[in-house]
Number of protein chains: 2
Amino acid sequence: MKDSLFAELLESVEQMDEIVKGEREPAKERFVAASRLKLIRKKVNLSQPKFAMLIGVELSTLRNWEQGRREPTGPAKVLIKAIERDPENVIKACISS
Amino acid sequence: MKDSLFAELLESVEQMDEIVKGEREPAKERFVAASRLKLIRKKVNLSQPKFAMLIGVELSTLRNWEQGRREPTGPAKVLIKAIERDPENVIKACISS
DNA sequence: ATCCTACATACGCCATTGACGTATATTAAA
DNA sequence: TTTAATATACGTCAATGGCGTATGTAGGAT
């Protein structure tokens with residue numbers, strides 16, 4: 001990872017910091033709404049079983065999310081959102097076990 | 001997302017399926033060992049507070065992981081592993097709120 | 001040397017989740 | 001219409017995540 005690029009990322013994390021602290025307006029929502037999860041899964045065209053495996057949860061857990069019975073935890077939301085934003089790269093990084 | 005590339009990804013997910021079912025040998029470990037988490041965080045050069053924010057957990061939760069008091073849940077492991085494998089793209093996808 | 005701030009270790013407590021199970025419904029293909 | 005794959009729906013419970021507090025450490029600044 002080149003240093004210049006890394007510096008940019010670091011800057012973004014700093015900005016994220018300020019957003020959380022309320023010193024800056026967030027550009028958009030940071031997390032997936034549980035209700036949008038199904039749409040995201042459809043977007044990458046995976047069945048519940050495969051998507052669940054991809055993101056490392058039990059099938060039943062994914063179902064709980066899609067049916068609104070449970071709320072995904074933080075990392076799950078971040079991961080799903082990341083998949084939504086850049087499916088190619090993120091899914092690749094998830095898969096290559 | 002181009003269809004050809006997507007087809008490749010889908011194939012990979014199918015393979016992942018077979019791995020989980022024991023029909024195929026996994027290339028490597030699928031998940032992060034909790035003990036490796038700190039090394040991964042150092043690799044991307046982020047403090048505990050910033051890394052916790054990045055992956056969407058409370059600082060105390062990340063600390064529990066690094067100190068071996070708790071085990072990250074599935075999506076957290078996948079996300080961390082993805083960050084390890086492709087920090088640039090995955091962190092970018094996580095950040096862009 | 002002392003203060004100060006950021007960063008990290010360590011752990012108690014409890015509401016919420018994830019995992020596991022079962023039963024039913026829908027869809028598509030054979 | 002039978003079959004298999006996919007999805008809805010929900011009960012139960014151990015384990016986690018979030019929250020708090022206390023302590024330790026490394027680095028500058030004064």
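Labels below follow one simple rule: chain letters A, B, ... track the order of the sequence lines, proteins then strands, and each chain is numbered from 1. These values consider heavy atoms only, across backbone and side chains, with no hydrogens, waters or symmetry-generated copies.
Comparing Val57(A) and Arg63(A) by the nucleotide of DNA chain C that holds the closest heavy atom to each, the one mapping nearer the 5' end is Val57(A). When each of Leu59(A) and Arg69(B) is assigned the nucleotide of DNA chain C bearing its nearest heavy atom, the one mapping closer to the 5' terminus is Arg69(B).
The two residues Leu79(A) and Pro75(B) make their nearest non-hydrogen contact at CD2-O, 3.8 Å. Here the closest heavy-atom approach between residue Ala82(B) and residue Val90(B) is recorded as O-CG2, 3.5 Å. Of all heavy-atom pairs spanning Gln48(A) and Leu62(A), the tightest one is O-CD2, 3.2 Å.
Look at Lys50(A) and you won't find any side-chain N or O under 4.0 angstrom from OP1 or OP2 of dA5(D). Remark: Ser60(B) is not in phosphate contact with dG18(D), judged by side-chain N or O atoms under 4.0 Å from OP1 or OP2. The phosphate of dG18(C) (OP1 or OP2) has a side-chain N or O of Trp65(A) nearer than 4.0 angstrom.
The CD atom of Glu71(A) sits 3.5 Å away from the NZ atom of Lys77(A) when rounded to the nearest 0.5 Å.
Within 4.0 Å of Glu58(A), counting heavy atoms only, lie sugar-phosphate atoms of the nucleic acid but no base atom. Contacts of Ser47(A) with the nucleic acid, taken as non-hydrogen atoms under 4.0 Å apart, involve only primed sugar atoms and P, OP1 or OP2. Contact annotation for Thr73(A): backbone-only contact, meaning every heavy-atom pair under 4.0 Å involves sugar-phosphate atoms and none involves a base.
dA10(C) atom P lies 15 Å from atom CZ of Arg70(B), rounded to whole Å. Computed from coordinates, the Leu46(A) CG to dA5(D) P distance equals 17 Å when rounded to whole Å. Rounding to whole angstrom units, CD of residue Glu66(B) and P of dA8(C) are separated by 7 Å. Distance CG (Leu62(B)) to P (dG20(D)): 18 Å, rounded to an integer number of Å. Here the P atom of nucleotide dT12(D) and the CG atom of Asn64(A) are 15 Å apart, to the nearest Å. Straight-line distance from the NZ atom of Lys77(A) to the C1' atom of dT16(C): 12 Å, rounded to whole Å. Between Lys38(A) atom NZ and dA7(D) atom P there is a gap of 9 Å when expressed in whole angstrom units.
Closest to the Gln48(A) side chain, of the nucleotides dA7(D), dC14(C), dC11(C), is dA7(D). Nearest nucleotide to the Gln67(A) side chain, out of dA9(D), dC14(C), dG21(C): dA9(D). Taking the side chain of Arg41(A) as heavy atoms from C-beta on, and the options dT8(D), dA7(D), dG21(C), the nearest nucleotide is dA7(D). Checked against dT8(D), dA8(C), dG21(C), the side chain of Lys42(B) finds its nearest nucleotide in dA8(C).
The only member of Lys43(A), Arg36(A), Lys38(A) that meets salt bridge (Lys or Arg N to Asp or Glu O under 4.0 Å) when paired with Glu84(A) is Arg36(A).
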